[in-house]
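The next block holds one structure in the form of structure tokens; read it before the comments.
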Amino acid sequence: VAGVNSPLPPDQTSSVGRSSDASIRRHHAEYFLALAEAAELQQASVDQGLWLDLLERDHDNLRAAIQWAIDRGGIEIAARFCSALAHFWKVRGYLSEGRSWLDKVLTQASDSDIAPLTLAKAAGGSGILARDQGDYQAAIALHEQSLATFRGLNDKQGMATALNNLAVDYHYTGNYDRAEELYNESLELWRTLGDAVGIAKALNNLGLVAQTRGDWRLAADLCQQSLELHRANNSPGHICGALYNLGIALSVSRSMAEASGGSPNGWEECEEIERCFNESLALARELGDKTMVASNLTKLGELALEREDESSIMEAARLFQDGLNIHKELGDKASIAYTLNNLGFAALIAGDRAKARSLLEEGLRLSRTLGDMEKVTLILRALAVVAGASALASSNRKVAVQEARRSIQLSSALPEDTIDEIPVKLRYFRTAMDALRTLLPQEAIQACQALGRQTSIEGAITLALAK
């Protein structure tokens, strides 16, 4: 990154932040604000990784400059710093720290003469970090605030970005209709602006909505279009995300094919899915993007789980654990819950039902706390399989019947269109349900199914957690 270096050698710049000389402190802050805002403009460039490395090297200087601005009442300057650094904090995993800085700025902004544009960007950045930690309601409120301010300024680029961010929030909370409406509104604005990167983002996200509705061919097509646009723009960060989402779309297509009785590989080969995740992982590691590293490790673990042999199951568990460790470091609760689900299923396939149940129950409690009903549903189905496996393995007739009833009632309480991204889970679910017919008479099975259909999701959670 030519022409951007610290004004002093690395071993001296950190001392500047402690200097009592007002002029030096001011120049220090001005320099690093220029650096942060220059890096912000390179988020979609081929040099993004170099700029992120530069910010990483000077992170202590940036911290000192933000604190200095806050201490002297320069909330506008502090807000500009935080807005410019939000992407860096997201990618490099400083989610809690970034939210803390932005919270300080936004709390004091109401009593300060801060430019509306700066405030809108700060709220938007804070919303992204909140969402990445699973705090969806906070994210929605912040992105609503950001959108309202951009609308007031008639800032079309800002509006498109805020609309897309708000759509992602609603998408994550299961409000797919609202998400699709907002994605389309952002797409229209980005097309008006001729913003290829924005268009690619919106197409990608619309593909994910199509996926949730079971239109996996449309999902894969939109994600492929998005990837091609990002490749044309040569943006490593966006290519990384597009590859990951295309891999997910193709993975779901395999599950949909198996659910409908077709080939478990669907219309794309499993190797293509693995290539998507491996390329995305390589880019994420180059960029130092911890969230994407962890997410790709989890997806590669799911592919390993599909092979079902002992060494592959061990490899899957290792990948899941590596991903879980990173998600815990980031405080990403939604991803923690998802990975606990996978770790639990790996334990189940390995024959450790007690460990499987413990991990799945932990993921269920966390998903319920987050209000993430999609993950709640997936984990409930996994717990239905655990109950079924426990019933079949028990030598105690009373326990076997109790667990069989629990398994059938849980499975019947779930939406019929519940589709997991891992076909092996569907196979285990079907096998368990078929095997339980040997334990209970048909009348008892039908009674459990009827009771399950009358059971709410909250009731199913209570049943699943009952000892």
Side-chain angles (χ1 to χ4, degrees), residues 251 255 258 264 294 297-328 333-368 375-411 414 418 420-439 460-467:
S251 295
S255 291
E258 177 146 329
L297 288 173
T298 298
K299 291 303 173 186
L300 288 168
E302 291 175 356
L303 291 176
L305 202 62
E306 278 293 300
R307 294 191 284 271
E308 296 187 64
D309 60 87
E310 184 177 353
S311 62
S312 294
I313 293 169
M314 291 178 62
E315 173 69 4
R318 182 189 65 78
L319 290 166
F320 293 149
Q321 189 63 56
D322 288 348
L324 180 63
N325 292 340
I326 297 173
H327 289 311
K328 285 184 174 179
K333 295 177 182 177
S335 295
I336 290 170
Y338 183 87
T339 312
L340 285 168
N341 177 23
N342 281 334
L343 267 173
F345 220 95
L348 175 62
I349 295 175
D352 192 340
R353 293 185 301 278
K355 181 178 181 180
R357 184 179 178 91
S358 176
L359 290 165
L360 290 167
E361 286 180 348
E362 183 181 352
L364 179 60
R365 290 189 179 94
L366 182 54
S367 296
R368 178 170 61 175
K375 289 188 182 68
V376 164
T377 300
L378 292 176
I379 296 173
L380 283 173
R381 190 171 70 175
L383 282 166
V385 178
V386 173
S390 298
L392 294 166
S394 178
S395 58
N396 184 312
R397 175 66 182 173
K398 183 179 178 180
V399 171
V401 169
Q402 177 183 311
E403 289 301 298
R405 290 179 181 276
R406 188 209 302 256
S407 178
I408 295 170
Q409 186 178 338
L410 277 177
S411 65
L414 305 179
T418 301
D420 203 288
E421 293 166 24
I422 316 177
V424 66
K425 292 185 179 181
L426 178 59
R427 294 197 292 274
Y428 266 76
F429 176 73
R430 286 177 169 170
T431 299
M433 294 304 106
D434 288 343
L436 290 178
R437 298 182 186 279
T438 64
L439 285 177
I461 293 172
T462 301
L463 176 63
L465 296 176
K467 300 299 182 185

Tell me yes or no: between the side chains of S311 and D309, is some donor less than 3.5 Å from an acceptor?
yes

What are the two closest non-hydrogen atoms of [X] and [Y], and how far apart are they?
| X | Y | result |
| --- | --- | --- |
| A389 | L348 | CB-CD1, 4.1 Å |
| A435 | L392 | CB-CD1, 3.4 Å |
| G301 | A316 | O-CB, 3.2 Å |
| A337 | G363 | CB-O, 3.8 Å |
| A466 | R406 | O-NH1, 2.8 Å |
| A346 | I313 | O-CG2, 3.8 Å |

To the nearest 0.5 Å, how far apart are [atom1] in [X] and [atom2] in [Y]?
| X | Y | atom1 | atom2 | value |
| --- | --- | --- | --- | --- |
| Q409 | S411 | CD | OG | 9.0 Å |
| T339 | L297 | OG1 | CG | 9.5 Å |
| T298 | L305 | OG1 | CG | 12.0 Å |
| F429 | L414 | CZ | CG | 7.0 Å |
| R365 | L340 | CZ | CG | 11.5 Å |
| L364 | I461 | CG | CD1 | 5.0 Å |

Less than 4.5 Å apart, any side-chain heavy atom of [X] and any of [Y]?
| X | Y | value |
| --- | --- | --- |
| E306 | S312 | no |
| F345 | E302 | no |
| E362 | L343 | no |
| R381 | L410 | no |

Result block: side-chain N/O donor-acceptor pairs under 3.5 angstrom for residues 319-328, not counting sequence neighbours:
from : atom 1 : to   : atom 2 : distance (Å)
Q321 : NE2    : N325 : OD1    : 3.0
D322 : OD2    : R318 : NH1    : 3.0
N325 : ND2    : Q321 : O      : 3.3

Keeping S407 on the side-chain end and A384 on the backbone end, is there a donor-acceptor pair under 3.5 Å?
yes

Go through the structure and list residues passing side-chain contact (heavy atoms from CB on, under 4.5 Å) with A404, not counting sequence neighbours.
A391, L436, L439, L440

Sort out for me which residue in L378, T377, V376 forms a side chain to side chain contact (heavy atoms under 4.5 Å, CB included) with L380.
V376

Take E361 and V386 through the side-chain contact (heavy atoms from CB on, under 4.5 Å) test and state the conclusion after the steps.
CA-CA 11 Å; E361 286 180 348; V386 173; over 6 Å; no

Heavy atoms from other residues, nucleotides or ligands near NZ of K375 exceed 12 (cutoff 6.0 Å)
yes

